Number of protein chains: 2
Amino acid sequence: MLKISKKADYALMALQHIASVQFGDITPGRVVNTKEIAEEYHIPLELLAKVLQVLSKNGLIESHNGPKGGYLLARSARQITIAQILESIEGPLAITDCSHEKDGDYCMQREHCNIRTPLLKIQDSIYQLLNNMTLGDMLGGTPLITIQSPSAQGVER
Amino acid sequence: MLKISKKADYALMALQHIASVQFGDITPGRVVNTKEIAEEYHIPLELLAKVLQVLSKNGLIESHNGPKGGYLLARSARQITIAQILESIEGPLAITDCSHEKDGDYCMQREHCNIRTPLLKIQDSIYQLLNNMTLGDMLGGTPLITIQSPSAQGVER
DNA sequence: ATGATCTCCGATCAATATGGTCGTACTAAA
DNA sequence: TTTAGTACGACCATATTGATCGGAGATCAT
Ligand code: FES
Ligand code: FES
């Protein structure tokens, strides 16, 4: 449950790879092309290409056309959060399909719904979680994330 | 993205309803039957029935057969966590499909995978989040959940 | 200039997961 | 024994996702 799609998975791998090439190595300005990533991680080439296109369109990476072309991070690895990557591929975070209701399109349960508020809170918490971790964190040291919930232990506030 | 299934949604609604009937009212021992819930929240009857069967099989609720039958919480609302409910319906929490690898069934990327560790950490954080909120929390006061991450402090949404 | 190499983009197909339905058997209270 | 309810398993329809294909543009080397 709560699985993220393969595309999102690929996006994370690709970005991580691009970042690691651009970062720790002696070739700072080197661009990375699709095939290189696809072969390294055994990802279907065309599918990865599509994923990268989307990432590029959403301003996470820059594309360079022609031979010797490829992709480049659009900004520092520390300024790209996991949430941005995932939302870029899979659309806005919506734990339930009526999280972001558009138009007059209410779900039938809306009126008597007893779980909307709590679910939105959970969703928001998850969002914070994802938005507090960056590509940079994935590269370097293991990020430390702690969660505190007053319920289920001593009630504090 | 990260959507939970409708079945899980229904499960939450149903449990919340059962709990609220059993709790705040003057009818402590009253059982709740499937049709009552289905009509109240406009859920397809048969589908809800199936969901409740699963919950019952997993020991979250008790079923009582025959006329005047119905369902009853198996334990206190404070002892049922959101994680338990969701996992009961959708199986174990697995943010990526290779979270819990079984047999020799590795994913192809396993060897060179650069995102496994961070993703598992995120998954664990989400699990804590869900496991720290109980049915009781959803019923009563709004639970307060806070997240603290030392990295990426500047990132705000 | 011209061809080779690469990204870009839209359309399309296949596999899988999900939502929803049906029919029957079983149980316990009235 | 009748009847209102759950239990259970098989089943179909649809939505989502994973993956593929083909061509159009762009850029660089020659
Ligand atoms: S399920 Fe849509 S508002 Fe609660
Ligand atoms: S994707 Fe399977 S181990 Fe990373």
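Here is the naming used below: chain letters follow the sequence lines, and residue numbers restart at 1 for every chain. Computed from a prediction, not measured in an experiment: that's the story for all the values here.
Of the two residues near DNA chain D, A/His64 and A/Lys7, the one whose nearest nucleotide lies more 5' is A/Lys7. Both A/Gly70 and A/Lys3 sit near DNA chain C, but only A/Gly70 has its closest nucleotide nearer the 5' end. Along DNA chain C, the nucleotide nearest A/Tyr71 and the nucleotide nearest B/Pro67 are compared for position; the residue whose nucleotide lies closer to the 5' end is A/Tyr71. Each of A/Gly66 and A/Ala8 has a nearest nucleotide on DNA chain D; the 5'-most of these lies closest to A/Ala8.
Distances shorter than 4.0 Å separate none of the side-chain N or O atoms of B/Asn65 from OP1 or OP2 on D/dG5. Distances shorter than 4.0 Å separate none of the side-chain N or O atoms of A/Thr34 from OP1 or OP2 on C/dC6. Listed pair B/Tyr10 / C/dG19 fails the phosphate criterion, with no side-chain N or O lying under 4.0 Å from OP1 or OP2. In this model, the phosphate group of D/dT16 is not approached by any side-chain N or O of A/Ser5 to a distance below 4.0 Å at OP1 or OP2. Contact annotation: B/Ser63 side-chain N/O to D/dA7 OP1/OP2 distance is under 4.0 Å.
Taking five base pairs at each end of the helix from C/dA1-D/dT30 to C/dA30-D/dT1, the local helix axes there meet at an angle of 10°, rounded to 10°.
Within the 6.0 Å centre-distance limit, the rings of A/Tyr41 and A/His17 are counted as a close aromatic pair.
Using a 4.0 Å heavy-atom criterion, one finds that A/Lys50 contacts the bases of the nucleic acid, with or without backbone contacts as well.
Side-chain atoms of A/Glu87 come within 3.5 Å of backbone N or O of A/Leu93 as a donor-acceptor pair. In this structure, the side chain of A/Ser125 engages the main chain of A/Lys121 through a donor-acceptor pair within 3.5 Å.
Atom-to-atom distance recorded for A/Thr96:OG1 and A/Ile115:CD1 is 6.5 Å, nearest 0.5 angstrom.
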